[in-house]
K.L.:
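The following block contains the structure, expressed as C-alpha cells.
Keep in mind that this is a model prediction, so the values were computed, not measured. A, B, ... follow the sequence lines: proteins, then strands. Residue 1 opens every chain.
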There are 4 protein chains.
Amino acid sequence: MTLWGGRFTEKLDPAAWALNSSISFDQRLALQDVDGSSAWAKALEQANVITHEESQAICDGLRAVRDEFEGKTFLYQPSDEDIHTAVERRLGELIGPSAGKLHTGRSRNDQVATDFRLWLLQALPRVDAALRGLQQSLIGRAETDTDLLLPGYTHLQRAQPVLLSHWWLSYFWPLQRDRQRLAQLQERTSVLPLGSSALAGTPFPIDRLALAEVLGFMEISSNSLDAVSDRDFVAEFLFSSALVGTHLSKLAEAVVLFSSAEFGFFELSDAFATGSSLMPQKKNPDVFELARGKAGVLLGYLTGLMATLKGLPSTYDKDLQEDKEPVFNAYDTLKAVLPVLADALRTLAVRPERMRAAIDPGLMATDLADYLVEKGVPFRQAHTLAGRAVQLASQQGQPLDHLSLEDYQSLSPAFSSDVYTVFDPKQSISRRETAGGTGPKAVAVQIQQAKKAVASPA
Amino acid sequence: MTLWGGRFTEKLDPAAWALNSSISFDQRLALQDVDGSSAWAKALEQANVITHEESQAICDGLRAVRDEFEGKTFLYQPSDEDIHTAVERRLGELIGPSAGKLHTGRSRNDQVATDFRLWLLQALPRVDAALRGLQQSLIGRAETDTDLLLPGYTHLQRAQPVLLSHWWLSYFWPLQRDRQRLAQLQERTSVLPLGSSALAGTPFPIDRLALAEVLGFMEISSNSLDAVSDRDFVAEFLFSSALVGTHLSKLAEAVVLFSSAEFGFFELSDAFATGSSLMPQKKNPDVFELARGKAGVLLGYLTGLMATLKGLPSTYDKDLQEDKEPVFNAYDTLKAVLPVLADALRTLAVRPERMRAAIDPGLMATDLADYLVEKGVPFRQAHTLAGRAVQLASQQGQPLDHLSLEDYQSLSPAFSSDVYTVFDPKQSISRRETAGGTGPKAVAVQIQQAKKAVASPA
Amino acid sequence: MTLWGGRFTEKLDPAAWALNSSISFDQRLALQDVDGSSAWAKALEQANVITHEESQAICDGLRAVRDEFEGKTFLYQPSDEDIHTAVERRLGELIGPSAGKLHTGRSRNDQVATDFRLWLLQALPRVDAALRGLQQSLIGRAETDTDLLLPGYTHLQRAQPVLLSHWWLSYFWPLQRDRQRLAQLQERTSVLPLGSSALAGTPFPIDRLALAEVLGFMEISSNSLDAVSDRDFVAEFLFSSALVGTHLSKLAEAVVLFSSAEFGFFELSDAFATGSSLMPQKKNPDVFELARGKAGVLLGYLTGLMATLKGLPSTYDKDLQEDKEPVFNAYDTLKAVLPVLADALRTLAVRPERMRAAIDPGLMATDLADYLVEKGVPFRQAHTLAGRAVQLASQQGQPLDHLSLEDYQSLSPAFSSDVYTVFDPKQSISRRETAGGTGPKAVAVQIQQAKKAVASPA
Amino acid sequence: MTLWGGRFTEKLDPAAWALNSSISFDQRLALQDVDGSSAWAKALEQANVITHEESQAICDGLRAVRDEFEGKTFLYQPSDEDIHTAVERRLGELIGPSAGKLHTGRSRNDQVATDFRLWLLQALPRVDAALRGLQQSLIGRAETDTDLLLPGYTHLQRAQPVLLSHWWLSYFWPLQRDRQRLAQLQERTSVLPLGSSALAGTPFPIDRLALAEVLGFMEISSNSLDAVSDRDFVAEFLFSSALVGTHLSKLAEAVVLFSSAEFGFFELSDAFATGSSLMPQKKNPDVFELARGKAGVLLGYLTGLMATLKGLPSTYDKDLQEDKEPVFNAYDTLKAVLPVLADALRTLAVRPERMRAAIDPGLMATDLADYLVEKGVPFRQAHTLAGRAVQLASQQGQPLDHLSLEDYQSLSPAFSSDVYTVFDPKQSISRRETAGGTGPKAVAVQIQQAKKAVASPA
C-alpha cells in the first residue's frame with residue numbers, strides 16, 4: 001500500500017522505491033506523527049468533517065499504535081514508504097476503513113513539517129540541558145581552580161598571566177550564546193504548518209489556532225505555500241549546532257594543547273583518555289580530538305542542507321526529504337559529545353606548578369610599560385622602551401626581571417628601583433579588576449553571573 | 001611606523017608585510033575606529049589616566065581625522081599596517097606625542113572587535129531596510145495582482161490553483177523571519193568588548209558600562225579572553241545572509257521559471273532584463289539568475305569563516321583577521337541585490353490569461369476527492385477513485401471534466417451530476433479560507449498581517 | 001579487551017567509550033582488515049620476525065575470520081572498539097596466544113589507512129561502472145531520439161534549435177570527466193601506507209614493495225609521518241562525488257523542467273514517478289528531485305571532511321576517525337542514485353510534437369543575423385537589425401517569420417525574398433556541423449566518440 | 001554601447017546594470033580576451049567569413065588594444081559591461097565598422113569560457129612554481145637539519161623520536177600530490193570551447209582543431225551545450241587550492257606549536273614575525289596563522305562555487321558569472337602565502353637542545369616492547385608489559401629508564417640487563433630504515449626522491 005497509487009498503471013521500480021523511501025530515518029518521527037494525527041482527527045471532528053465516533057475510533061487506534069512504538073513492538077512492512085504511511089497502514093489494520101478518513105484535508109507536506117517541528121521542539125530542551133551540563137562543569141572548575149595562575153596566550157604565544165578560573169569561564173560564555181540562539185529558535189520553530197495541506201490550505205473549516213494549542217505550538221503559519229517548504233528552522237538548528245561545534249573545538253584544542261607534555265598543565269583522568277595499540281606509554285585525549293573533528297562534520301551538515309535548499313522554488317519539492325538526517329545526526333552528535341566533555345573536564349587534574357612555571361617575567365612586559373605610563377611616559381613610547389628592555393634581556397640571555405637597574409635606566413630615566421615590583425604575576429592579575437577582567441574580584445563577580453545565567457532559561 | 005617594533009631587530013619582510021597587512025579592507029572601519037578611539041580617550045580621562053587637556057587634544061585631533069575620512073582626503077601611507085595604525089599615525093602628525101597616550105590600556109584585539117561590532121550595528125538596520133524594500137514590493141504585487149489565479153506547484157508539477165497574491169506573499173514571510181533573525185543578532189552584537197585589552201582586561205579603572213553607553217552598546221562583555229576572540233556575531237551574520245540568499249534564490253528560481261516562454265506567466269521589464277551578444281531575440285532574466293547564483297557565494301562566505309574559526313583555542317589568533325572580507329562582501333551583495341529585485345518585481349508584467357490557461361481540470365482532482373468525502377466516502381478511498389478518474393481521462397485523451405457522468409458513476413455511485421461544479425478553480429480557491437490558505441478572504445487578512453509586519457521592527 | 005590498556009589504572013568511561021568507538025561504521029572494512037593482516041603476517045615471516053608456523057596459523061585463523069564475515073556469522077563483542085580489535089580478538093579466540101604476534105611492528109594508524117585505501121580501490125571501479133551505466137543510458141537515448149528537435153535554452157530562455165541527441169550527450173561528457181578524475185584518484189589511492197607503523201616507520205625489515213604487490217598497491221608511501229595522516233584520497237573522493245552530484249543535479253533539474261506540464265517534453269514512466277497522498281492527479285519526478293537534493297548532501301560531506309582536516313598538524317590525530325562515514329555515505333548515495341537515473345531515462349517517453357512546437361521562429365533570429373552577414377553586413381550591425389525585427393514583430397503581435405518583406409526591407413535593403421528560408425529549424429541545425437555542434441553529422445560523430453569513451457577505461 | 005540592445009525599448013536600470021556588470025573583475029581576462037579574439041579573427045578568415053584585409057585590420061587593432069592593456073593606458077568606459085564589450089568597443093574606435101565583424105559566429109558564452117581557460121592555463125604553472133618554491137625550502141631544511149632529533153607526536157602526545165629532516169619532508173609530499181593534481185587539471189583545462197557559439201555550435205566552417213593549436217589547447221570540446229556551461233575546471237581548481245590550503249594549515253599549525261615557548265623547537269626570524277600593539281615582549285607567528293586561517297577561506301570559495309553550480313541545467317545561465325572571483329582570489333591567496341612560508345621556513349632557527357630534551361625515555365616504550373618481542377614474547381603481551389613498566393615508573397615518579405632491573409624483572413623474566421640500551425633515541429631511530437621510515441639512511445634516500453620529484457613536472 002502506498003498513499004498515492006490511484007492514477008498509476010505500473011508499480012514503482014524497486015531501486016527507485018529504495019531511493020525514494022524515507023522510512024529508514026523518518027521512523028524517528030513516529031511518536032510525533034501519531035500525536036499530530038490524533039490532534040488532526042479531533043480537529044476534523046470539531047470541523048464536522050468526521051463524527052465523534054470516527055474521531056474516537058481513530059484516536060483510540062492511534063493510541064494503540066503509539067503504544068506499539070513505545071513498546072518497540074511496532075512491525076514495519078516493506079511497503080511502508082515513510083512513517084506517515086506506516087502509521088496510517090497500521091491504523092487501518094487496527095480500526096478498519098474509518099482509518100481512511102484521517103488524511104482528509106491534510107497532506108504529507110504539512111504533516112511532515114508538523115512532525116519535524118514537534119520533534120525539534122522536544123529535542124531543543126535536551127540540547128539546552130546538555131549545554132548546561134557542560135556549563136556547570138566549567139563553573140565547577142572555575143570555583144575549584146581558584147587562585148591558580150597560568151599564562152594567557154594570544155597567537156599561542158605567552159601574553160599575560162590570567163587566573164585559571166577566568167580561563168575556564170572563557171569557554172562558558174560562548175555556550176551561553178548558543179543557548180540563547182537555541183531558545184530563539186525554539187520560538188521560531190513553534191509555528192504550526194498543519195492546515196496548510198499540500199500547498200493551498202485545507203478546504204475544511206479547521207480551527208488552526210485551537211490545533212496549535214493542542215499540539216503546543218505558539219503560533220500558526222501565515223502562508224500555506226511557505227509553510228510546507230519553510231526549512232529555516234532546520235538551517236538554523238544546523239547552524240546553531242555547527243557553532244556549538246566550533247565552540248567545543250576551541251575548548252578541545254585548548255585541552256589537547258594543555259594536556260601535551262610540553263604544556264603539561266592538565267592531565268586527563270584515565271577514564272577519559274585512551275592508549276595506543278603500538279606505543280605502550282601513550283595517553284591520548286581522544287574525546288577532545290573527536291569533539292574538535294566533529295566541528296567539521298557539523299559544519300558539513302549545515303553546508304549540505306543549505307546547498308540542497310538553494311535554488312528550489314517555494315512549496316514542496318522532494319529535495320526537502322534530505323532535511324532530516326543531518327538534523328538527527330547533529331542532535332546525536334551534540335548529545336554524545338557534550339556530556340563526555342563535561343565529565344572529562346570534571347575529572348581532569350591540573351598541575352599548578354607547571355602553569356605557574358610557565359609565567360616567565362616577559363609576560364609582565366605590558367605591566368612594565370604601564371609602570372612607565374604611570375611615571376608619565378606616553379604609552380606608545382613606554383611600549384617601545386619595554387620592547388627594548390625585552391630585546392636587551394634577550395641579548396643578555398636572561399629573563400626580563402634580571403636586567404640591572406642601570407640597564408633599565410639606560411633605556412629611560414623614568415625607571416627607578418621600584419620597577420622590579422611589576423614582575424609579580426599576582427600583582428599583574430590583581431590590577432585587572434575592570435568588569436570582565438582577570439582580577440580575582442572581577443572573576444568572583446563573573447562566577448556569580450555565570451551561575452545565574454546557567455540557572456535561568458537562556 | 002608599526003605599533004610594535006620595539007623588541008625586533010629586523011624589519012618585516014615585504015612579502016610577509018603584504019600578507020599580514022589588513023589596511024586594504026579594514027579601512028572600511030575608519031569611522032568606527034575613530035569613534036571608538038574618541039570614546040576611549042574620554043574614558044581614560046574619566047579614569048584619570050590622561051588629563052582633560054590631553055583627552056581634549058586627542059578628541060579634537062580625531063575629529064580632524066574623521067573629517068579627512070569623510071571628505072576622502074585622508075592619505076594612507078605604505079606603513080599603515082591596518083586602520084588602527086593609520087589613525088594613530090595621523091593623529092600623531094596632527095597633535096604630536098600626546099597621541100601616544102591614546103592606546104594606553106587597550107589593545108588592537110579589543111579595539112578591532114569593537115570597531116567591527118560598531119560597523120555591524122550600523123549595517124544591520126540598512127540590511128533590514130533593504131529587506132523591507134523587497135517585502136513592500138511583494139505586498140504591492142499582492143495588492144495589485146488580486147483576483148488572478150495560477151497553478152500552485154509541488155515537485156514542479158501543477159498541484160492546485162492558488163491566488164497570485166498568495167503566491168507573492170509566500171516570498172514575503174521568509175524575509176520576515178530573516179528580519180527577526182537580524183534583529184536578534186543586533187542585540188547579540190551590541191556587547192562591548194572594549195576594556196578587555198589584549199586578553200586579560202585593562203589595568204586602568206575604566207567604567208566600561210559608561211563607555212558602552214557612549215558608543216551605543218547595550219551590554220558589556222563578561223570575560224576578556226572570550227571578548228577578544230568571540231566572532232559568533234560574524235558567523236551569525238554570515239549565516240543570516242546565506243539564508244536570505246537562499247530565500248532570494250527561491251524567488252529567483254520561480255521568476256526565472258515563470259518568465260520562460262513555456263510558463264509565460266511573467267514578462268520582465270526591459271529595464272530589468274538583458275540580451276545576448278549573439279542571439280538577437282533573447283531577453284534574459286540575468287538579475288534573478290545572479291540573485292540565485294549569489295546564494296551559493298553567500299554560503300561560501302559562511303562556510304569559509306566557520307572553517308577558519310574551527311580548532312582555534314580562545315583569545316586572539318591572527319586567523320581571525322579573515323573575518324572582515326566575507327562580512328563586507330556579504331553586506332555589499334545583499335545591498336546590491338535586494339533593491340534590484342524589489343524594482344524588478346515592481347515593474348514586471350503578469351499575463352493573467354497564460355496563468356489561467358495553465359489551470360487544467362486535473363488541478364481540481366483533490367476537490368473531486370473532497371466532493372466524494374462530502375458524500376461520505378472515506379478520503380483514502382475517495383483519493384483512489386479520483387486517481388482512477390484521472391487515469392481514465394488520460395486513457396481517453398481528454399481533460400478530467402470531460403469524463404461522462406456514466407464514466408464517473410462507473411467508478412463510484414457516489415458521483416452525481418453536480419460533480420462538474422468542482423472543476424471551477426475559483427470555487428476551489430474559495431474553499432480554502434482557513435487561516436494561511438489561498439482563499440480570497442484569508443489572503444486579504446494575510447495582506448494586512450504582512451503590512452503590519454513590515455511596518456514594525458522585526 | 002582493548003589493544004592498549006597496559007598503562008591505565010581505570011577503565012574508559014562508558015559514554016566516552018561510546019563516543020570513541022568506531023566499530024559501528026568501520027566494520028565495513030572487515031574484509032580489508034583481514035586481508036591486510038594476512039599480508040602483514042606473511043611479511044613478518046619473510047622478515048624473520050615470526051616463524052613459518054606462526055604465520056601459517058595466523059593466516060589460517062584469519063581465513064576463518066574472513067569466512068565468518070562473509071557468512072555473516074561473525075559475532076561482535078561489546079568490547080570491540082574497532083574492526084582491528086574485533087579481528088585480533090577473534091583471531092586470539094581461534095588460534096590462541098600466537099595471535100598476539102600479528103600486531104608486531106605495525107600500528108592501527110598504518111593499518112586503518114591501508115584498510116581504507118584497499119576499500120576505496122575496490123569501490124572506485126564500482127562507481128565507475130555505475131557512471132558508465134548512466135552514460136550508456138544517455139547514449140541509448142541519443143541513438144534512439146535521433147532527428148528530434150527541441151529548443152536549446154540559455155538563461156532558461158529559448159535560444160536556438162538543437163537535436164535532442166545532442167542535448168542528451170551534453171550530460172554524457174561531464175560524467176566522462178568524472179570517470180577520468182576517479183581513474184586518476186585510483187592511482188593516487190594505490191599507495192601503500194603499511195609499514196609506516198604509528199608514525200616513525202616499522203623497526204622490522206619488512207619488504208614494503210613486496211607487501212604492496214601482494215595487496216595490489218602500485219606504490220609505497222615515501223614518508224611515514226605523512227602516510228599515517230594523508231587523507232587526500234578521502235578529500236579527493238568526496239570532491240569527485242560532489243562534482244558527480246552537481247552533474248546529476250543538472251540533469252535532474254532539466255528532466256524536472258521538461259517533465260512539467262508547461263514544457264511537456266518528457267513523460268516519466270510510472271515505474272519512476274510517484275504520486276501525492278492528497279492530490280490524485282499528481283505524477284512527481286521524485287527520483288530526479290532526490291538526485292538534485294543529494295548534490296547538496298554530497299557537497300556537505302566534502303565540506304565537513306575538509307573542515308575536519310584543516311588545522312591538524314601531520315601524523316595521526318583522532319579527528320581523522322571522522323573520515324569514514326562521509327566516504328561510505330557518498331559511495332552509497334552514488335550507487336543508489338546512478339542506476340535509478342539510468343533506468344528512469346531509459347524508460348521515459350519523449351513528446352516530439354511538444355518539443356517541435358516550442359521552436360518558435362524567434363529562435364532563428366541568429367540565423368537571420370547570419371543571413372545578413374552572408375549579404376555582407378557586419379555581424380554587430382546584423383545583430384542590431386535582427387533585434388529590430390524581433391522588436392517590430394513583437395509590436396505587431398506576430399511571429400518573426402510573419403513580418404512582411406517590406407517590413408524587413410524597411411530595416412535594411414540587404415533583406416530580400418529569400419529571407420524566409422532562415423526560419424526552418426532543420427536548416428538552422430544543419431548549418432552547425434562544426435565539431436561539437438548540433439548538426440546531424442557532427443552529432444553522429446559525437447555518438448561514436450561517446451561510445452568509444454564509455455567502452456574504454458577513463 | 002552594449003552588445004545586445006537591438007530588441008529592447010528601454011535601457012537597463014542603473015542598479016541592475018551595476019549588479020549585472022562584470023568588468024570590475026573580468027578585466028583580469030583582458031589579454032586572454034584579446035588573444036582569443038585574434039585567433040578567432042584568423043579562423044574567420046580561414047573559413048572565408050571575413051577577408052584577409054578585414055582579418056588583418058582586426059588583428060592589428062587588437063594588437064594595439066593589447067598594448068594599451070599592457071601599458072596600462074587602456075581607458076574603460078562606464079558602458080563597458082564586461083571585458084568582451086570593452087575590447088570590441090575599443091577595437092571599433094580604432095579600426096571602425098569592420099570591428100563589427102569580429103563577433104561573427106561566436107558568443108560571449110564560448111568566448112568567456114575560452115578566456116577563462118586560457119587564463120588558468122597560464123596561472124597553473126605559476127601555482128606549480130610557488131609550490132615548488134615551498135618544496136625546495138622544505139628540502140633545504142631537510143638537508144640542513146640533518147642529525148637533529150625531536151619527538152614525533154600523535155594526538156599531540158609524544159610518540160617516538162624522529163629525525164627533523166624526516167619531519168620536514170612530511171610536509172613535502174602533500175605538496176607533491178597537489179602538484180600532480182594541478183598538472184592533471186592543466187590537461188583537463190586544455191580543452192577549447194571556442195566554436196561552440198552560444199550553445200548550438202558555430203554555423204561557420206571554423207577549423208576548431210587549428211584554432212585550438214593556435215591558442216595552445218590540447219583538445220577541442222565535444223559538445224557545444226556542455227562546453228559553454230562546463231565549469232568543472234573551476235571547481236577542480238578551487239578544490240585543489242583548498243586542499244593546498246589544508247596542507248599549508250597543517251604545516252602552519254605545526255610551526256605555530258613548535259614556536260610556542262612551551263615547545264620552543266623553532267624561533268622565527270624577526271623578518272617573519274610580528275609584535276603586539278600592547279604587549280612589548282610578543283613575537284607572533286602571524287604569517288603561519290594567516291596561512292592556517294586562509295585554509296578556511298579557500299574552502300569557502302570551493303563550497304560557494306559548487307553550491308552555485310548545483311541545480312543549474314546545462315548550457316549557460318548567468319549564475320556562472322560567479323565563477324571568476326573565487327578563482328582569482330584563490331590564486332592570489334596561494335601566490336601570496338606560498339613564497340612567504342617558503343622564506344619563513346628558510347630563515348627560522350631550530351633549537352636542537354630543546355628538541356632533544358623533549359625526547360623523554362617514555363618515547364622508547366615501543367622499543368621496550370620490541371625488545372621483549374626479540375626475546376620471544378608475543379607483541380601483544382610485550383605491549384602490556386611495557387605499559388606496566390610505564391605505569392610503575394609513573395607511580396615511582398621517575399623516568400622509564402630509571403626503573404631498576406629488579407623492577408623490570410618483576411614484570412617479566414625476559415628482561416635482562418641489556419634492557420637499558422633501548423632508551424637511546426638514536427638507536428630507536430636507526431632501527432627504522434624501512435622505506436619511508438625515519439632511519440637516517442631511509443631519510444637520505446627520501447631526500448633524493450624529493451629532489452627528483454621537485455625537479456620534474458608533476
K.L.:
With a 4.5 Å cut-off on heavy-atom pairs, point out which of B/Leu305, B/Leu302, B/Thr308 contacts chain D the most.
P.N.:
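Sorted descending by pairs with chain D, the first entry is B/Thr308.
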
K.L.:
Flag the one option from D/Asn20, D/Leu299, D/Val256 with the top tally of heavy-atom pairs under 4.5 Å to chain B.
P.N.:
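Between D/Asn20, D/Leu299, D/Val256, the count favours D/Asn20.
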
K.L.:
Say you draw a straight line from CG of D/Leu19 to NZ of B/Lys294; how long is it, rounded to the nearest 0.5 Å?
P.N.:
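It is 6.0 Å, given to the nearest 0.5 Å.
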
K.L.:
Is D/Ala15 close to chain B through its backbone or its side chain, or both, or neither, when contacts mean heavy atoms under 4.5 Å?
P.N.:
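Both backbone and side chain.
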
K.L.:
Please state whether the side chain, the backbone, both or neither of B/Ala18 comes within less than 4.5 Å of a heavy atom of chain D.
P.N.:
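No part of B/Ala18 comes within 4.5 Å of chain D.
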
K.L.:
Of the backbone (N, CA, C, O) and the side chain (C-beta and beyond), which part of B/Pro339 lies under 4.5 Å from a heavy atom of chain D, both, or neither?
P.N.:
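No part of B/Pro339 comes within 4.5 Å of chain D.
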
K.L.:
Picking from D/Ala252, D/Ala295, D/Pro285, D/Ala273, which has the most non-hydrogen pairs under 4.5 angstrom with chain B?
P.N.:
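Of the candidates given, the most pairs with chain B belong to D/Ala273.
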
K.L.:
For each of D/Asp286, D/Val297, D/Val340, tally heavy-atom pairs with chain B at distances under 4.5 Å, and name the one with the top tally.
P.N.:
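Going by pairs under 4.5 Å, I would pick D/Asp286.
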
K.L.:
Below 4.5 Å, heavy-atom pairs only: which of D/Glu325, D/Arg108, D/Glu253, D/Glu289 has the largest tally toward chain B?
P.N.:
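Max contact count across the listed options: D/Glu289.
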
K.L.:
Under 4.5 Å heavy-atom distance to chain D, tell me which part of B/Leu199 shows up: side chain, backbone, both or neither.
P.N.:
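For B/Leu199, side-chain heavy atoms alone lie under 4.5 Å from chain D.
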
K.L.:
For chain D, which of B/Ala336, B/Ser276, B/Ser249 has the most heavy-atom pairs under 4.5 Å?
P.N.:
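Highest number of heavy-atom pairs under 4.5 Å: B/Ser276.
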
K.L.:
Drop me the distance from D/Phe272's CZ to B/Asp13's CG, to the nearest 0.5 angstrom.
P.N.:
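Answer rounded to 0.5 Å: 3.5 Å.
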
K.L.:
Which residue out of B/Gly300, B/Pro14, B/Gly105 racks up the most heavy-atom pairs below 4.5 Å with chain D?
P.N.:
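Highest number of pairs under 4.5 Å: B/Gly300.
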
K.L.:
Distance-only, no hydrogens or angles: does the B/Thr303 side chain make a donor-acceptor pair with backbone N or O of D/Thr303 under 3.5 Å?
P.N.:
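Such a contact is absent between B/Thr303 side chain and D/Thr303 backbone.
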
K.L.:
Going by atom types only, do B/Ser277 and D/His103 share a side-chain donor-acceptor pair under 3.5 Å?
P.N.:
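A donor-acceptor contact under 3.5 Å links the two side chains.
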
K.L.:
Please classify the contact of B/Gln111 with chain D as side chain, backbone, both or neither, using a heavy-atom distance under 4.5 Å.
P.N.:
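Neither; nothing under 4.5 Å.
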
K.L.:
Measure the spacing between NZ of D/Lys318 and CG of B/Leu290 and express it to the nearest 0.5 Å.
P.N.:
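If I round to the nearest 0.5 Å, the distance is 5.5 Å.
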
K.L.:
In terms of heavy-atom pairs under 4.5 Å with chain D, which of B/Gly275, B/Ala16, B/Ala291 leads?
P.N.:
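The candidate making the most pairs under 4.5 Å is B/Gly275.
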
K.L.:
Using non-hydrogen atoms only, which part of B/Ser269 is less than 4.5 Å away from chain D: side chain, backbone, both, or neither?
P.N.:
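Contact with chain D is through the side chain of B/Ser269 alone.
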
K.L.:
Chain B: which of D/Pro280, D/Gly296, D/Ala242 shares the most heavy-atom pairs with it under 4.5 Å?
P.N.:
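Option with the top pair count is D/Gly296.
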
K.L.:
Who wins among B/Val287, B/Thr104, B/Thr347 for the most heavy-atom pairs under 4.5 Å with chain D?
P.N.:
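Highest number of heavy-atom pairs under 4.5 Å: B/Val287.
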
K.L.:
Mind checking whether D/Lys283 and B/Phe8 have side chains closer than 4.5 Å, heavy atoms only?
P.N.:
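Of all side-chain heavy-atom pairs linking B/Phe8 with D/Lys283, at least one is under 4.5 Å.
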
K.L.:
At a 4.5 Å cut-off on heavy atoms, which part of B/Thr9 comes close to chain D: side chain, backbone, both, or neither?
P.N.:
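B/Thr9 touches chain D through backbone and side-chain heavy atoms alike.
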
K.L.:
To the closest 0.5 Å, what do you measure between CZ (B/Phe288) and CG (D/Asp319)?
P.N.:
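Reported value, rounded in 0.5 Å steps: 13.0 Å.
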
K.L.:
What distance separates B/Thr274 OG1 from D/Glu81 CD, expressed to the nearest 0.5 Å?
P.N.:
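These two atoms lie 7.0 Å from each other.
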
K.L.:
Taking all non-hydrogen atoms of both residues into account, name the closest pair between B/Leu278 and D/Ser197 and its distance.
P.N.:
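Looking at all heavy atoms of both residues, the closest pair is CD2-OG, 3.1 Å.
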
K.L.:
Applying side chain to side chain contact (heavy atoms under 4.5 Å, CB included), run through D/Arg292 and B/Leu312 and close with a yes or a no.
P.N.:
CA-CA 10 Å; D/Arg292 184 177 58 190; B/Leu312 300 182; 3.7 Å; yes

K.L.:
Between B/Glu10, B/Lys310, B/Met279, which residue shows the highest count of heavy-atom pairs closer than 4.5 Å to chain D?
P.N.:
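Most heavy-atom pairs within the cutoff with chain D belong to B/Glu10.
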
K.L.:
Quick check against the 3.5 Å criterion: does D/Arg7 have a side-chain atom that pairs as donor or acceptor with the backbone of B/Gln281?
P.N.:
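Flag set: sc D/Arg7 to bb B/Gln281 pair under 3.5 Å.
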
K.L.:
Measuring from atom NZ of B/Lys282 to atom OG of D/Ser107, what distance do you get when rounded to the nearest 0.5 angstrom?
P.N.:
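Reported value, rounded in 0.5 Å steps: 9.0 Å.
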
